[in-house]
Chemist: 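Below you will find the structure I want to go over with you.
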There are 2 protein chains.
Amino acid sequence: MLKISEIAKKTGLSTHTLRFYEKQGLINASQRSEAGYRLYGEADVRKAEFIRTARNIGFSLDDIAVLLSIRLDKASHTCQEVTDIARGKLDEVYEKITELTAMKATLEILLASCCGGPEDATHCSIMEALDASEAKQQSSSGNTATNEV
Amino acid sequence: MLKISEIAKKTGLSTHTLRFYEKQGLINASQRSEAGYRLYGEADVRKAEFIRTARNIGFSLDDIAVLLSIRLDKASHTCQEVTDIARGKLDEVYEKITELTAMKATLEILLASCCGGPEDATHCSIMEALDASEAKQQSSSGNTATNEV
DNA sequence: TAAAACATTAGAGTTGAGTCTAAGGTCAAG
DNA sequence: CTTGACCTTAGACTCAACTCTAATGTTTTA
Ligand SMILES: [Zn+2]
Ligand SMILES: [Zn+2]
Ligand SMILES: [Zn+2]
Ligand SMILES: [Zn+2]
């Protein structure tokens, strides 16, 4: 049986994180020593690794809790339940990428329009664009054709 | 002069948010009524719109504070200061997109490998992949050589 | 045997950008 | 004159996933 710092080293989760995950109901040490120390077995290690893998992919702790309950009794859960979680996450990811791509486009346009030099900013087209009050939201293509200098 | 709910409606920022921004040092009402009510003028409206525009693009409140200080005295600031902020933000955005793209790829592969049907999950390749303990991280390149149903 | 290293717990703090509450003051209308 | 809509403040709460602290107990090692 491993003490908490040993399973921590083995799994790459910190002792703090392991105790936090326990509080969240994700993982428990299967035994305690006389003194109350957490003691982890092989199955605990595999479970911790499952959690870390899922976390690294990007699943929330809530998602992971559900995945763990499926893992506990695969026979009474379906592939659909599993894909529902993955698809939900993927939809979130798509949405965030869309938002970020819009931000990227706007920032690139702004940067392309500004000389970026050591001259004073009285003529700066980025400042002008921000002052333009044209609420440029996330989707759709923007113009911002103010050429500077 | 506009009361706070009036400028709120005009700018699309809530009264709570306006007061919060004031606490953060971004914007002040240029006057107060006898009773202590905030009173905003035209310049305040333009400033609030500047803030909203910058926020919608994705700048942090800290970035916006700097942009506002530049805006206050453009002559003693340079285009470079402005582009530094925009480029910093753009770098952040690139990084997040990279992370999310990795997550997207992983999730798509997982989803492609799973039948997603009403059958029980004892054979589920997503569950298998999560149990595989192959630590698939977000930064750096991933392999994602998954086994199939 | 004593110091170092590790363990326990409850609980507070972090980050960012708000959101909301309580307890009260002010103002226009009926 | 009272109702309701508005305004004020300080401060607490929200979300997510940790991260850290304090105070104390245990185990290992020199
Ligand atoms: Zn310039
Ligand atoms: Zn410029
Ligand atoms: Zn299946
Ligand atoms: Zn499956």
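Chain A is the first sequence line, chain B the second, and so forth, proteins listed ahead of strands; every chain is numbered from 1. Given the structure is predicted, the values throughout are model-derived calculations rather than measurements.
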Chemist: So with a 6.0 Å cut-off around CD of Glu95(B), is the heavy-atom count from everything else above 12?
Modeler: no
Chemist: When the distance from CG of Leu18(A) to P of dT9(C) is rounded to whole Å, what number comes out?
Modeler: 13 Å
Chemist: May I have the distance from Arg32(A) (atom CZ) to dT8(C) (atom P), rounded to whole angstrom?
Modeler: 6 Å
Chemist: Take the protein atom CD1 of Ile27(B) and the nucleotide atom P of dA17(C), then report the distance between them rounded to whole Å.
Modeler: 17 Å
Chemist: Under 4.0 Å: is that the gap between some side-chain N or O of Ser5(A) and OP1 or OP2 of dA7(C)?
Modeler: yes
Chemist: Output, in order, the C-alpha distance, side-chain angles, deciding distance and verdict of side-chain hydrogen bond (donor to acceptor under 3.5 Å, both in side chains) for Thr122(B) and Asp120(B).
Modeler: CA-CA 6 Å; Thr122(B) 50; Asp120(B) 78 74; 2.4 Å; yes
Chemist: Expressed in angstrom and rounded to an integer, what is the separation of Phe20(B) atom CZ from dT8(D) atom C1'?
Modeler: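 The answer, rounded to whole Å, is 18 Å.
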Chemist: By nearest heavy atom, map Leu61(B) and Ala35(A) onto DNA chain C; which one lands nearer the 5' end?
Modeler: Ala35(A)
Chemist: Closest approach to the side chain of Tyr37(B), judged atom by atom: which nucleotide of dG25(C), dG18(C), dT9(D) is it?
Modeler: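 Nearest to the side-chain atoms of Tyr37(B), counting from C-beta on, is dG25(C).
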Chemist: Gln24(A) has an atom CD; how far is it from atom C1' of dA10(C), in whole Å?
Modeler: 15 Å
Chemist: Specify the separation, in whole Å, of atom CD of Glu22(B) and atom P of dC7(D).
Modeler: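 After rounding, the reported distance stands at 14 Å.
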Chemist: Walk me through whether Lys10(B) and Glu6(B) qualify under salt bridge (charged side-chain N to carboxylate O under 4.0 Å, His left out).
Modeler: CA-CA 6 Å; Lys10(B) 230 178 147 94; Glu6(B) 294 166 330; over 6 Å; no
Chemist: Should we count CD of Glu108(A) as having more than 12 external heavy atoms under 6.0 Å?
Modeler: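 For Glu108(A), atom CD is crowded (more than 12 foreign heavy atoms under 6.0 Å).
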Chemist: Closest-nucleotide mapping onto DNA chain C: is Lys23(B) or Tyr40(A) further toward the 5' terminus? I mean the 5' end.
Modeler: Tyr40(A)
Chemist: Within the 4.0 Å heavy-atom criterion, would you say Ser60(A) contacts the bases, only the backbone, or no part of the nucleic acid?
Modeler: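 Touches sugar-phosphate only.
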Chemist: Closer than 3.5 angstrom, by distance alone: can the side chain of Ser125(B) be matched with the main-chain N or O of Glu128(B) as a donor-acceptor pair?
Modeler: no
Chemist: Could you tell me the separation between the CZ atom of Arg19(B) and the C1' atom of dT19(C), rounded to a whole number of Å?
Modeler: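 These atoms are roughly 12 Å apart.
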Chemist: Could you tell me the separation between the CG atom of Asp63(B) and the C1' atom of dT15(C), rounded to a whole number of Å?
Modeler: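 Spelled out: CG on Asp63(B) to C1' on dT15(C) is 15 Å.
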Chemist: Which nucleotide in the list dG18(C), dC20(D), dT27(D) gets nearest to the side chain of Arg55(B)?
Modeler: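 The answer is dG18(C), which lies nearest to the side chain.
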Chemist: So, is Arg38(B) near the phosphate of dT8(D), with a side-chain N or O under 4.0 Å from OP1 or OP2?
Modeler: yes
Chemist: Between the base of dG18(C) and the side chain of Tyr21(B), is there a donor and acceptor pair under 3.5 angstrom?
Modeler: no
Chemist: If you only use heavy atoms from C-beta on, which nucleotide in dT21(C), dG25(C), dC20(D) is closest to the side chain of His16(A)?
Modeler: dC20(D)
